[in-house]
Every structure is written in C-alpha cells, then in structure tokens.
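A, B, ... follow the sequence lines: proteins, then strands. Residue 1 opens every chain. Fair warning: this is a prediction, and the values are worked out from it, not measured in the lab.
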Number of protein chains: 2
Amino acid sequence: MVSLKDISVRCGVSVATVSKALNGHKDVSEATRERLLKAAKEMGYFPNSQARALKTNRTLNLGVMFSDDAGSGLTHEFFAKVLNSFKTEAESAGYDITFINKNVGRQKMSTYEHCKYRNVDGVVIACTDFTTQDVYEVINGDIPVVTIDHIFDCRTAIMSNNEKGIEELVNYVADMGHKRIAYIQGNKSAVADRRLAGFCKACMNKGIEVDPALLLAGDYHNPEKTYEMTKELIAMSDRPTCIFMPDDYSSMGGFNAIKDSGLSVPEDISVVGYDGIAYSQLLSPKLTTYLQDTATIGSEAAKQLISLIENPQTTFTEVITVDGRLIEGASVKKLV
Amino acid sequence: MVSLKDISVRCGVSVATVSKALNGHKDVSEATRERLLKAAKEMGYFPNSQARALKTNRTLNLGVMFSDDAGSGLTHEFFAKVLNSFKTEAESAGYDITFINKNVGRQKMSTYEHCKYRNVDGVVIACTDFTTQDVYEVINGDIPVVTIDHIFDCRTAIMSNNEKGIEELVNYVADMGHKRIAYIQGNKSAVADRRLAGFCKACMNKGIEVDPALLLAGDYHNPEKTYEMTKELIAMSDRPTCIFMPDDYSSMGGFNAIKDSGLSVPEDISVVGYDGIAYSQLLSPKLTTYLQDTATIGSEAAKQLISLIENPQTTFTEVITVDGRLIEGASVKKLV
DNA sequence: CTTTATGGCGGAAACGTTTGAGATAATAAA
DNA sequence: TTTATTATCTCAAACGTTTCCGCCATAAAG
C-alpha cells in the first residue's frame with residue numbers, strides 16, 4: 001500500500017507536508033498542494049484507516065447493536081429497512097458500520113467492551129431488549145448513542161410514532177363503523193406500551209368502549225401465537241368485528257385462524273396490521289395497516305448520531321418522532 | 001483506555017513482556033504470565049484493534065459486498081439469513097464484519113479501494129450483479145475472496161445447489177402426475193442458468209416435454225412481473241397444470257393472478273416456489289417449495305474465507321455445493 | 001573451570017498517521 | 001537598517017501494538 005512517505009519521497013517534501021496538504025490545512029502553498037494531490041491520485045494513495053484512527057481516536061465507524069435472535073434482527077423487515085437507510089446515510093458522511101455484540105470469539109467481551117475494542121465513534125441501538133445489562137453498559141458509557149424506539153434519559157432517541165399510528169388506525173376503523181375492536185398486543189416493551197396508550201386514547205375520543213377482554217397479550221413477529229389469540233377472539237360469544245394484529249407478519253397467523261374457522265376477511269371479520277411490510281400489500285385482501293417510515297427513522301438516527309460525534313460539546317439530547325402513514329387496504333369492512 | 005504500558009508500569013515489567021504474555025508467547029514464565037493476565041483483567045484491558053492492525057496487517061474484519069438496491073440486499077430474506085449465519089460464524093472466530101461498497105463519502109473510492117482503506121482481511125460477495133467492474137476489481141485483487149452463488153476461476157465459491165433443488169421439485173411435481181409444467185425464470189444470472197439446466201434435465205429424465213412456450217423470462221423478487229407472466233400462462237389455450245415461480249416472494253404475484261382469474265390453487269392450477277422463506281408456510285395453501293440451506297451457506301462461506309485468510313499459502317480453491325430440502329406444502333394437486 | 005545451551009526478559013524499531021512547535025525565508029512595517 | 005509578520009515547510013513525538021535481537025542469569029555439558 002502506498003503511504004504518505006512514498007508520496008513525500010517522490011515529491012521531495014516531508015511527510016508532514018503531505019499529510020497537511022491532503023487534509024486541507026492552510027499552511028501549505030496552493031502550488032505544492034496541487035502537486036501532492038496529483039501525485040497521491042496517480043499513485044493510488046488511500047489513507048490507512050487504522051493509523052489514522054490510532055492517532056486521531058476517530059475510526060469513522062458506527063456500531064449497530066441489535067438482537068440477532070431468530071425472528072428479530074436482520075431477517076426482520078422493519079429492522080432491515082431501518083438499517084439499510086441508516087447505512088446509506090452513514091456512508092454518505094464517510095462512516096462505515098460494524099455490528100456490535102457480545103463477542104464470544106477469541107476474547108470474551110461484553111457489548112460495551114466490544115465497542116471500546118473496535119473504537120466505534122458512536123452506537124445505534126435498535127430492535128433489541130432494552131432492559132439488559134449489555135444495553136445499560138452502553139447507555140451509561142461515554143460513547144455517543146442513539147436509540148430507536150426506546151427512550152433513555154440523556155440519550156437521543158428516534159421514535160416511530162406508534163401512538164399516532166394506532167390512533168389513525170382506530171379512527172379509520174371507527175369511521176368504518178366498528179365498535180367492538182380487539183387488540184392483540186406485542187410483547188411487553190416501550191413500543192407496546194405506546195401503542196396501547198394510543199389505542200385507548202383514540203377509542204375514548206371516538207366513544208368506543210375498551211373492553212379488557214378484547215386486549216390480548218401476544219407477541220410481535222409470531223404468527224403462531226397470533227393464530228391462537230385470534231381463535232380465542234373468534235370463539236367469544238360477542239365476537240369483535242375487527243382485530244388489531246401485533247404486526248403485519250403476525251397477521252398472517254390471524255388470517256389463517258379466520259380462514260380455518262370458516263370465516264373470511266373482511267366479510268365476517270375485519271383485520272388491521274402494523275408496519276406496512278411489502279407482503280402486506282400482496283395479500284388478498286390487501287391489509288389495512290400503518291406504514292412506518294423506516295427510511296426517515298434510519299437516516300435520522302444516522303444524522304443525529306453523527307451530529308453527536310462531530311459536536312462533542314452538545315450535551316443536548318433530543319427525542320425525534322417520525323410519523324408514518326396509514327395504508328388503506330381492503331381488510332376492513334364498512335359496517336352499515 | 002488502559003494500554004499495555006499501563007499494565008507494564010503497574011507490574012514492573014516491560015511492555016514487550018506484557019504483550020507476549022497476553023498473546024501466549026512461550027518466552028515468558030508461567031508465574032509472570034499469570035500475574036500479568038490477572039492485572040490485565042483487573043484493569044479492564046482490551047487490546048486496541050487499530051494499533052494491532054497497524055502492526056500486524058490483520059484487522060480481524062471481514063468485508064461483505066452486496067447490492068443494496070431495493071429488492072435485493074438487506075431486505076431480501078435469503079441474503080439476510082445468509083448474512084446472519086455468516087456473521088455468527090465469523091464472530092465466533094473473532095472476526096467482525098463491515099459492509100463494503102462504493103463509498104461516496106469524504107473520499108470517492110471504488111469498492112476495492114474501500115477494502116484496502118479499511119484493510120479487511122477478506123471479502124464475501126453475495127446477492128449482487130457479478131458482472132460489474134466493481135466485482136472484477138475485487139476478484140482480481142489480492143484480498144481473499146469467497147463468492148456465494150457465482151463461480152469465478154481461482155476463487156472459492158459457495159453454491160446453493162440450485163440444479164438439484166429444481167430437479168427435486170420437478171420430480172415431485174411429475175410424480176404428482178403433472179405433464180405440462182411452466183417455468184417463470186428469474187433474471188439472467190448464473191443462478192437462473194443453473195436452475196433452468198436442472199429443470200430441463202429433470203424433465204427429460206421424467207419423460208416430460210419441455211415446451212419453450214412454457215419457459216417465460218421473469219424477474220426474481222418481482223411479484224408484479226410474476227403476476228403478468230402468470231396471467232399469460234393462464235390465458236393459454238392449453239394451459240399448464242403447474243407453474244414454477246421464480247421464488248417464493250414472487251409467487252405471491254402468481255397466487256393473486258390465479259385468484260383474480262377466478263381460479264384457485266391447487267384445484268385449478270398448481271404452484272411451486274423456491275427459497276423456503278418464512279412467509280411461504282403461512283400462506284394457505286402452504287407453498288410447496290425448496291428450502292435453501294442458508295445457515296450452511298453462510299457459515300460455510302465464513303469458514304472458507306477465514307481458512308483462506310489464516311492459511312495464506314493455500315492457492316487451492318474450492319467450489320462447495322450446499323443442498324437444500326424440499327418442503328411439501330399443499331400447492332400442488334395430485335392428478336389422477 | 002570453561003563453554004554452550006536455554007529460559008526469561010527488556011530495548012528499540014517499526015507500522016502510517018497527525019500535529020504542535022520550531023525553522024527558514026520572504027515580505028511588510030517601522 | 002532593523003524588526004515584526006507572514007507563508008511555507010520540516011522535525012519529532014506520539015498513538016498502542018508486535019517482534020526481532022540481544023542481554024543476563026542459571027543450568028547443563030565438556
């Protein structure tokens with residue numbers, strides 16, 4: 001690999017001058033700067049990121065912390081889309097991304113230690129259990145952090161507007177004439193709490209009674225569980241006319257439960273999802289759901305994180321809320 | 001951050017000795033080694049990966065090169081699963097992974113230059129157009145490379161056994177009594193070629209005529225296109241009794257086309273997919289498809305790549321074929 | 001008792017950068 | 001003419017490792 005030294009000997013200047021020229025310092029003449037830039041390009045020079053990092057304590061690397069359990073993680077469309085957008089934004093600012101985890105390799109280390117070892121400039125935490133020791137360590141550490149869909153004190157958070165999303169769905173469903181609305185919730189988490197709050201609030205506003213019997217505890221991303229819950233709801237004496245599923249993916253379980261009961265969507269029972277994944281619009285009937293703005297969530301997370309990194313003095317933390325958009329499918333029937 | 005030097009002054013030995021003790025060199029007594037290890041642990045020492053990389057020219061970082069266009073990349077379940085498995089295997093060997101691309105950040109650089117800049121120890125290439133300049137540069141470079149689902153001379157490749165997969169599907173369908181089988185292919189690529197070869201071969205073996213009119217050019221991961229193609233097939237005077245879809249995701253388009261034509265699966269027309277994604281088993285009827293062994297593909301890619309890295313002398317390149325498994329759903333009807 | 005091996009350790013250079021402090025020369029001000 | 005200022009560049013240290021080489025004991029061999 002061609003180094004600063006190679007350029008310096010070729011051009012008859014010192015290494016320092018080359019470094020300064022390439023980094024745009026002002027104490028090098030325009031003439032030599034151009035000469036050096038030209039030589040660097042010709043020789044195919046690229047800075048050695050490790051050497052630079054060693055000296056500057058900046059790696060231009062962003063850590064991504066998430067749960068790679070089956071069902072969440074990379075194969076989760078929401079996370080994949082957020083990550084993709086995060087990646088694009090980060091890269092345009094010159095940052096690369098590295099997956100951070102409890103590395104079980106040669107050295108056993110915690111997630112936070114992993115961050116330190118790799119010297120990431122910042123970390124984004126998403127789609128994971130936020131109540132673990134590993135997360136706390138990172139949150140309490142001295143590395144810039146942005147969280148997605150979870151709020152910690154003194155840390156910037158990007159929040160998908162789950163409350164508003166559910167509210168819009170409730171309003172839509174209510175306007176279609178539904179009164180008995182069931183809600184199969186996702187697993188206990190900040191997101192689930194906010195959705196539930198939105199659900200109750202919107203129901204109140206629409207004058208719809210929230211029957212506790214219709215609030216079931218389900219799981220995100222778990223069609224089997226959702227199948228069961230849906231069956232339970234169907235078996236009820238005064239069955240709901242509409243079911244809120246934990247998310248689009250799970251809703252497939254709900255669809256099947258309904259079908260297996262000899263009923264159909266939306267004639268006999270209406271269904272709404274959440275997420276707006278691609279598949280939801282390939283179903284028939286198309287699913288009425290709430291599309292989370294993953295592009296904005298990801299890019300905003302990257303922007304905020306980079307801002308924290310590049311302005312270390314800012315102790316100011318923000319909570320940024322990202323709205324989504326209701327997608328009207330054909331899974332909710334208009335009641336007379 | 002605590003460094004070797006910190007440990008050395010605390011324990012009254014030289015930096016060199018600490019380094020050697022921690023790296024398991026033999027020229028340090030068992031007594032001092034233990035003393036130093038203990039101190040290192042107490043002080044919370046972790047090696048500085050950049051400094052180490054600078055000296056050893058090994059970063060313990062693996063580059064992942066893929067296409068992040070919409071439709072492929074992270075949101076593609078096949079790739080996501082392969083990546084996840086690759087990641088797990090790599091991490092257990094102490095490697096982290098970094099996404100490699102044409103970085104458009106501060107410095108404009110090609111993918112290969114990006115590899116050099118980040119000093120990745122090796123690169124895996126998957127799910128991308130293998131005929132681009134960017135890929136050639138990497139293939140012809142001096143970094144260890146493993147490719148997935150594409151074979152280059154002198155480079156190790158992991159191949160999902162597409163040929164066998166299609167063959168098994170054809171055999172299954174033939175055994176169910178089908179004679180007129182249509183095949184909507186994916187976009188022109190090595191994978192598509194192999195699948196077509198498998199298709200033709202298996203048909204011959206089963207004594208089934210391959211009607212060119214039933215071999216349509218479609219796209220992978222494109223339900224809309226598949227919808228159209230399926231419509232065309234349905235409109236034919238002597239309509240096929242079974243359709244091979246490009247992949248499971250696309251098959252949703254096929255399902256909808258059939259439904260929209262007032263027909264149903266599998267009563268009127270049978271369907272098989274490819275990939276074995278989670279959704280395929282949530283459809284009703286469940287899709288008969290071929291599950292690619294993404295876990296093995298990913299982990300094998302990592303193992304091979306690491307082996308190439310850690311045994312630099314081996315000029316030996318392999319092509320490793322990974323079989324999958326047919327999943328029998330209910331989308332193929334048994335003909336009398 | 002001298003030589004030779006060996007086990008344990010330290011010195012120091014090197015990897016490729018960045019950066020503040022100095023050096024030099026030219027220019028401007030006094 | 002002297003002094004101050006500026007522009008341009010070099011020196012050298014530093015970042016945290018690894019590793020070759022050499023040193024010094026002690027032990028084994030002659």
Using every non-hydrogen atom in the two residues, find where Y45(B) and V2(B) come nearest and quote the distance to one decimal. CD1-O, 3.2 Å
Does a nitrogen or oxygen in the side chain of R52(A) sit under 4.0 Å from OP1 or OP2 of dT18(C)? yes
Among the candidates dA12(D), dT18(D), dC9(D), find the nucleotide nearest to the side-chain atoms of A16(A). dA12(D)
N23(A) CG to dT8(D) P, straight-line distance once rounded to whole Å: 18 Å
Closest to the 5' end of DNA chain C, once K20(A) and M1(A) are matched to their nearest nucleotides, is M1(A)
Is it true that R33(B) and E30(B) have a side-chain N and a carboxylate O under 4.0 angstrom from each other? yes
Reading DNA chain D from 5' onward, which residue's closest nucleotide shows up sooner: Q50(B) or H25(B)? Q50(B)
Could you tell me whether the phosphate oxygens of dC9(C), OP1 or OP2, come under 4.0 Å of any side-chain nitrogen or oxygen in T17(B)? no
In whole angstrom, what separates R33(A)'s CZ from dA7(D)'s C1'? 13 Å
Does a side-chain N or O of S29(A) approach OP1 or OP2 of dC9(D) to a distance below 4.0 Å, or not? yes
To the nearest 0.5 Å, what is the distance between OG1 (T111(B)) and CD1 (I100(B))? 8.0 Å
Rounded distance (Å) that lies between atom P of dA7(D) and atom CG of D27(A): 10 Å
Can you see if the side chain of Y117(A) gets near the phosphate of dG16(D) - specifically, an N or O under 4.0 Å from OP1 or OP2? no
Take the protein atom NZ of K55(B) and the nucleotide atom C1' of dT18(D), then report the distance between them rounded to whole Å. 5 Å
What contact category does T56(B) fall into here, base, sugar-phosphate, or nothing, at under 4.0 angstrom with non-hydrogen atoms? sugar-phosphate
Distance, rounded to the nearest Å, where N48(A) contributes CG and dT17(C) contributes C1': 8 Å
Option from V120(B), L83(B), N61(B), V124(B) for which side chain to side chain contact (heavy atoms under 4.5 Å, CB included) with I97(B) holds: L83(B)
So, is S14(A) near the phosphate of dT10(D), with a side-chain N or O under 4.0 Å from OP1 or OP2? yes
Rounded to the nearest angstrom, tell me the gap between atom CG in L4(A) and atom P in dT10(D). 13 Å
State whether a side-chain donor-acceptor pair under 3.5 Å links Q292(A) with S160(A). yes
Taken to the nearest whole Å, NZ/K5(A) to C1'/dA12(D) is 13 Å
Starting at CG of L22(A) and ending at C1' of dT19(C), how long is that distance when rounded to a whole Å? 15 Å
Does dT19(D) have OP1 or OP2 sitting under 4.0 Å from an N or O in the side chain of S19(B)? no
